Amino acid sequence: MNVLVVGGAGYIGSHCVRLLEKTGHTPIVFDNLRRGHADALPDTVTVIEGDLGDYGLVHDVLIREEIEIVMHFAAYAYVGESMQDPLLYFENNTAKSIALLRAMKDAGVRKIVFSSSCTIFGDSSPSPLSESASPYPISAYGHTKAGFESLLDYCSKAYGFSAAIFRYFNASGAASSGEIGEDHSPETHLIPIAIQCALGQRKSLAIFGNDYDTPDGTCLRDYVHVDDISAAHVLAFPKLQEAGKIHIYNLGTEKPTSVLQIVTAVEKASARKVHYHIEPRRDGDVPAAYADSSKARNELGWQPQFPDIDSIVATAWRWHSRHPRGYRSDPDEAP
Ligand code: UFG
């Protein structure tokens with residue numbers, strides 16, 4: 001199928017593009033390349049550089065490329081930044097995404113796979129979090145995701161859109177080949193930062209709080225491999241055949257992992273020491289967030305290929321150690 005991958009040069013989008021090619025689909029990437037990386041994409045794929053909010057361009061591309069499904073990965077995704085500049089987030093994640101939906105409606109393309117986030121749950125419900133937990137976002141970023149989920153619901157009823165919505169828990173890891181991986185600027189995520197410490201690029205990992213009511217006092221998260229996330233997207237295609245239906249899935253390995261356990265996993269993968277120190281809790285962090293993904297397993301036959309943290313961190317280490325400056329790394333730069 002011809003799939004428009006909006007935000008396809010980003011971390012999760014670029015992994016999904018490779019899977020689409022591997023499974024016989026034709027991905028066409030639409031990305032403004034501001035936060036994504038052209039180097040994350042295979043040479044075989046058509047890349048259209050453009051803005052999500054450019055109704056005319058998106059509409060043209062949908063028709064010209066005979067798009068059947070849109071995958072929407074394009075979003076700003078820093079919780080802290082969203083609190084400092086909410087307009088940026090609502091403009092990019094909401095207003096421009098509305099332009100995308102309008103272009104889809106007018107072009108007669110009504111199948112969409114949307115990247116949502118476990119962040120929509122805030123701290124209102126205890127883990128494990130299933131799809132029946134109520135959204136209660138506590139950041140501007142979370143509101144943009146929850147709001148777009150609601151909008152898709154209305155669009156399904158009013159215009160017959162069909163959608164698969166995936167709420168990712170902590171997307172992590174990298175392609176097993178070591179060719180592509182995570183490269184955010186600035187980097188705020190735990191695993192890449194811990195790896196930067198192992199690589200000697202940072203002196204010490206700041207652990208944000210060790211006084212939570214968790215087994216070792218640090219926060220629990222559900223780290224799920226980026227290729228497993230991609231696999232779920234493709235498995236959902238048959239669900240899109242029925243017009244007017246929305247399917248929502250929480251995606252995680254269902255295994256809570258603490259910050260200190262990540263330190264241990266990185267030390268194991270790298271055979272290096274990760275120095276750390278304790279800092280105060282970070283605003284907005286919930287003590288524990290992990291998934292109940294039984295719906296994805298039962299309905300889609302989704303089965304994570306990287307079910308344990310060591311296998312996930314091993315792929316992340318391979319990517320970061322071979323590309324210590326991300327996509328800006330020179331060949332053979334590995335330490
Ligand atoms: N952490 C540290 N030190 C760091 C970075 C993170 O101790 O330098 C801790 C955090 O406090 C948290 C855990 O590591 O307990 C994971 O933090 P990340 O920043 O890696 O991930 P989050 O759980 O905050 O983020 C995830 C997704 C985001 C999403 C967010 C919403 O990765 O995309 O949940 O809560 F927006």
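Both ligands and their constituent atoms are indexed starting at 1 by order of listing. Owing to the predicted nature of the structure, the values given are computational and were not obtained by experimental measurement.
Closer than 4.0 angstrom to ligand 1 lie heavy atoms from Val79, Thr119, Tyr141, Asn170, Thr188, His189, Leu190, Ile193, Leu205, Ala206, Ile207, Phe208, Cys219, Arg221, Tyr223, Val259, Arg282, Asp285.
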Side-chain polar contacts of residues 231-238 - donor-acceptor pairs under 3.5 angstrom, sequence neighbours left out - could you list them?
| residue | atom | partner | partner atom | Å |
| --- | --- | --- | --- | --- |
| His233 | ND1 | Ile229 | O | 2.7 |
| His233 | NE2 | Tyr168 | OH | 2.8 |

Atom pairs and distances, donor-acceptor, side-chain atoms in residues 63-77, under 3.5 Å, two or more places apart:
| residue | atom | partner | partner atom | Å |
| --- | --- | --- | --- | --- |
| Glu68 | OE2 | Asn2 | N | 2.9 |
| His72 | ND1 | Ala74 | N | 3.4 |
| His72 | NE2 | Ser97 | OG | 2.8 |

Check residues 259-268 and write down every donor-acceptor pair under 3.5 Å in which the side-chain atom is one partner and the other belongs to a residue at least two apart or another chain.
| residue | atom | partner | partner atom | Å |
| --- | --- | --- | --- | --- |
| Gln261 | OE1 | Ser258 | N | 2.8 |
| Gln261 | OE1 | Ser258 | OG | 3.4 |
| Thr264 | OG1 | Leu260 | O | 3.1 |
| Glu267 | OE2 | Lys273 | NZ | 3.3 |
| Glu267 | OE2 | Val274 | N | 2.9 |
| Lys268 | NZ | Asp310 | OD2 | 2.7 |

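Nearest heavy-atom pair, Leu220 versus Pro215, reported as atom, atom and distance to 0.1 Å: CD1-CD, 4.1 Å.
Side-chain contact check for Thr144 and Asn93: at least one donor-acceptor pair (N or O, by modelled atom type) lies under 3.5 Å.
A cation-pi arrangement, defined by a distance under 6.0 Å to the six-membered ring centre and an angle within 45 degrees of its axis, is absent between Arg102 and Tyr55.
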